[in-house]
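Scroll down for the structure; my scribbles are underneath it.
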Amino acid sequence: MPWRALPGETPDPYRVWLSEVMLQQTTVRAVIPYFEKFVARWPTVQDLAKADRDDVLAAWAGLGYYSRARNLHACAQAIAARADTAFPEDEAALCALPGIGPYTAAAVAAIAFDQPATPVDGNIERVVSRLFAVTTPLPSAKSEIKRLAATLTPDERPGDFAQAMMDLGAMVCTPKNPSCLMCPLQSDCHAKHKGIESELPVKAVRPERPTRFGVAFLALREDGQVLLRKRPETGLLASMMEIPSTDWVDELLAADIALKAAPVRADWWAMPGQVTHTFTHFRLELLVFRAIVPVDAELTFWADASRCSWVARRDLADAALPSVMRKIIAHALKEN
């Protein structure tokens with residue numbers, strides 16, 4: 001994890017919680033610069049609670065799974081609103097906070113408050129599945145692995161134990177070519193005794209991701225401003241900024257039909273190639289059109305002007321733009 005308490009140091013619940021939320025579905029290497037940026041800008045949960053949500057989303061941009069950022073801000077506000085403005089210490093109370101599920105609650109309870117809780121992340125899941133030779137495929141095996149992991153959790157120093165198990169999975173009991181000779185649990189590992197350690201945990205075959213299609217429109221004003229639009233408050237990439245586009249649908253749109261959804265009436269130029277992006281549940285393919293428009297260009301009805309704004313190209317780096325939108329911008333402007 002990007003944060004560890006030094007020997008003798010009392011763990012900071014805010015930093016434990018922040019790092020655990022950031023690490024969901026994301027690698028440590030990707031998280032570290034974001035974690036450092038967040039704690040520098042918002043050093044306490046109260047500071048984060050006072051922040052504008054759009055600023056939090058902008059700081060999160062590029063880390064993915066943006067519901068985490070929205071929940072992070074909502075959770076900070078819920079904690080700041082408590083009578084003692086402090087994190088609750090037990091799992092049940094932590095789970096009642098926005099965006100905190102069973103794993104994060106257990107991790108914060110164990111690591112920050114030394115409660116005998118059992119967090120099971122991907123690393124611990126792998127260690128336990130091999131230690132007990134659990135051959136049931138994931139995700140069906142999750143409840144069994146959680147139960148078995150709980151049998152290992154000690155009453156003393158459960159937080160240190162949880163972090164040790166995470167590190168064991170990350171550095172020794174790795175997905176491929178586990179370093180069994182270095183493992184302190186080798187003599188007790190049922191999978192090692194059976195010679196199946198590299199086969200576990202078994203994962204169910206995932207269905208192939210469907211592909212969706214759309215057309216994005218990058219309008220570049222003559223004064224160097226780019227048209228952005230805020231996405232709806234709910235749904236995929238909620239409240240993030242976007243390059244206006246058609247709906248993302250199951251079949252490729254004909255260009256003449258797609259152009260009817262352009263946000264500005266202009267001479268639109270189709271950029272060669274396409275932008276592709278993979279989300280959790282589908283793959284997206286986008287054609288990109290670009291137009292140079294006058295400063296007094298009027299937005300069309302389809303643009304939904306109440307959600308649109310013109311942003312200087314030099315300020316795009318600070319906008320709450322998810323990765324797919326940055327891909328669109330790079331593609332559309334690569335010849336400028």
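For reference, positions follow the sequence shown, starting with 1. The figures here come from the full heavy-atom set of this structure, side chains too, leaving out hydrogens, waters and symmetry mates.
With Trp268 as the aromatic partner, Arg290 does not meet the cation-pi criteria of under 6.0 angstrom to the ring centre and within 45 degrees of the ring axis.
If you take CD1 on Ile79 and CH2 on Trp17, they are separated by 5.5 Å, rounding to the nearest 0.5 Å. Once rounded to the nearest 0.5 Å, the distance linking CG of Asp250 with CZ of Phe213 reads 8.5 Å. To the nearest 0.5 angstrom, Leu148 atom CG is 11.0 Å from Thr118 atom OG1. Separating the OG atom in Ser129 from the NZ atom in Lys203 is a distance of 9.5 Å, to the nearest 0.5 Å. Atom CG of Leu228 and atom CG of Leu321 lie 5.5 Å apart (nearest 0.5 Å). Within the model, atoms CD of Glu156 and CZ of Phe161 stand 13.0 Å from one another, a figure rounded to the nearest 0.5 Å.
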Before giving the answer on side chain to side chain contact (heavy atoms under 4.5 Å, CB included), spell out for Leu220 and Arg313 the whole-Å C-alpha distance, their side-chain angles and the decisive distance to 0.1 Å.
CA-CA 9 Å; Leu220 178 62; Arg313 287 181 62 173; 3.8 Å; yes

Please step through side chain to side chain contact (heavy atoms under 4.5 Å, CB included) for the pair Trp310 and Val293, ending with a clear verdict. CA-CA 12 Å; Trp310 293 94; Val293 302; 3.8 Å; yes

What verdict does the side chain to side chain donor-acceptor pair (under 3.5 Å) test give for Thr104 and Gln24, after you've listed the backbone C-alpha separation in whole Å, the side-chain angles of each residue and the deciding distance to 0.1 Å? CA-CA 9 Å; Thr104 304; Gln24 294 168 14; 2.9 Å; yes

Verdict with supporting geometry, Leu131 and Leu152, side chain to side chain contact (heavy atoms under 4.5 Å, CB included): CA-CA 11 Å; Leu131 186 62; Leu152 303 174; 3.9 Å; yes

Side chain to side chain contact (heavy atoms under 4.5 Å, CB included), that's the test. Do Ile111 and Asp160 meet it? Break it down for me.
CA-CA 7 Å; Ile111 299 170; Asp160 289 341; over 6 Å; no

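Heavy-atom minimum distance, Thr135 versus Val202: O-CG2, 3.8 Å. Residues Gly159 and Asp114 come closest through the heavy atom pair N-OD1, 3.1 Å. Considering all non-hydrogen atoms of both residues, Lys260 and Arg265 come closest at O-NH1, 4.0 Å. The nearest pair of heavy atoms linking His73 to Ala49 is NE2-O, 3.7 Å. Summarising the geometry of Ile124 relative to Met165, their closest heavy-atom pair is CG1-CB, 3.8 Å, with the distance given to 0.1 Å. For Cys173 against Pro178, the heavy-atom pair with the smallest separation is CA-CB, 4.2 Å.
By the 4.0 Å N-to-carboxylate-O rule, Arg130 lies too far from Glu197 to be salt-bridged with it. Under the 4.0 Å criterion applied to side-chain N and carboxylate O atoms, Lys142 and Glu125 are assigned as salt-bridge partners.
Residues Leu18 and Leu72 have side chains in contact (heavy-atom distance under 4.5 Å, counting atoms from C-beta outward). Contact of the Glu91 side chain with the Leu94 side chain is not registered, since no non-hydrogen atoms from C-beta on lie closer than 4.5 Å. Considering only heavy atoms from C-beta on, Phe132 stays 4.5 Å or farther from His190 through its side chain. Side-chain contact between Val134 and Pro201 is absent, with no heavy atoms from C-beta onward closer than 4.5 Å. A 4.5 Å side-chain heavy-atom check between Ser19 and Val31 finds every atom pair outside the cut-off. Within the 4.5 Å cutoff, the side chain of Met166 has heavy atoms near those of the Asp121 side chain. Considering only heavy atoms from C-beta on, Val120 comes within 4.5 Å of Ile145 through its side chain. No side-chain heavy atom of Gln77 sits under 4.5 Å from any side-chain heavy atom of Pro98.
Criterion: ILVMFWY side-chain heavy atoms under 4.5 Å apart, direct or through other members. Under it, Leu259 and Trp269 are not part of a common hydrophobic cluster. Val324 and Val215 end up in different hydrophobic clusters when Ile, Leu, Val, Met, Phe, Trp and Tyr side chains are linked at under 4.5 Å. Connection of Ile329 to Val264 is not established within any shared hydrophobic cluster, with ILVMFWY side chains joined at heavy-atom distances below 4.5 Å, either directly or through further cluster members. A continuous path of ILVMFWY side-chain contacts below 4.5 Å connects Leu23 to Trp42, so both sit in one hydrophobic cluster. Residues Leu316 and Trp60 are members of one and the same hydrophobic cluster, defined by side-chain heavy-atom contacts under 4.5 angstrom among Ile, Leu, Val, Met, Phe, Trp and Tyr.
Between the side chain of Arg209 and the backbone N or O of Thr280 there is at least one donor-acceptor pair closer than 3.5 Å. His331 places no side-chain N or O within 3.5 Å of a backbone atom of Leu287 that could act as its donor or acceptor partner. The main-chain N or O of Pro263 is found under 3.5 Å from a side-chain atom of Thr300 such that the two form a donor-acceptor pair. Although no hydrogens or angles enter the test, the distance criterion places no donor-acceptor pair under 3.5 Å between the side chain of Tyr66 and the main chain of Leu236. For the pair Asp47 (side chain) and Thr44 (backbone), a donor-acceptor distance under 3.5 Å is present. Between the side chain of Arg307 and the backbone N or O of Lys230, at least one donor-acceptor pair lies under 3.5 Å. Checking side-chain atoms of Asn71 against main-chain N and O of Ser67 turns up a donor-acceptor pair under 3.5 Å. No side-chain donor-acceptor contact under 3.5 Å links Ser179 to the backbone of Met182. A donor-acceptor pair is defined here as one N or O able to donate and one able to accept, closer than 3.5 Å; such a pair exists between the side chain of Arg70 and the backbone of Ala238. With Gln115 contributing its side chain and Ala110 its backbone, the two residues share no donor-acceptor pair below 3.5 Å.
A donor atom on one side chain and an acceptor atom on the other are found under 3.5 Å apart for Arg53 and Ser239. For the residue pair Arg68/Thr26, the side-chain donor-acceptor check at 3.5 Å is satisfied. Glu20 and Tyr103 share a side-chain donor-acceptor pair at under 3.5 Å. Between the side chains of Asn123 and Arg126, at least one donor N or O lies within less than 3.5 Å of an accepting N or O.
Ring planes of Trp248 and Phe282: tilted class, angle from 30 to 60°. Using the six-membered ring where Trp is involved, His277 and Phe279 have ring planes that are perpendicular, over 60° apart on the 30 and 60° scheme.
Heavy atoms of other residues, nucleotides or ligands lying less than 6.0 angstrom from CG of Asn177 number 12 at most. Other residues, nucleotides and ligands contribute over 12 non-hydrogen atoms within 6.0 Å of the NZ atom of Lys37. Within a 6.0 Å sphere centred on CG of Asp256, other residues, nucleotides and ligands contribute more than 12 heavy atoms. Arg157 CZ: 12 or fewer foreign heavy atoms inside a 6.0 Å radius. Within 6.0 Å of the CG atom in Asp267, the count of heavy atoms belonging to other residues, nucleotides or ligands does not exceed 12. Counting non-hydrogen atoms of neighbouring residues, nucleotides and ligands closer than 6.0 angstrom, the CG atom of Asp52 exceeds 12 such neighbours.
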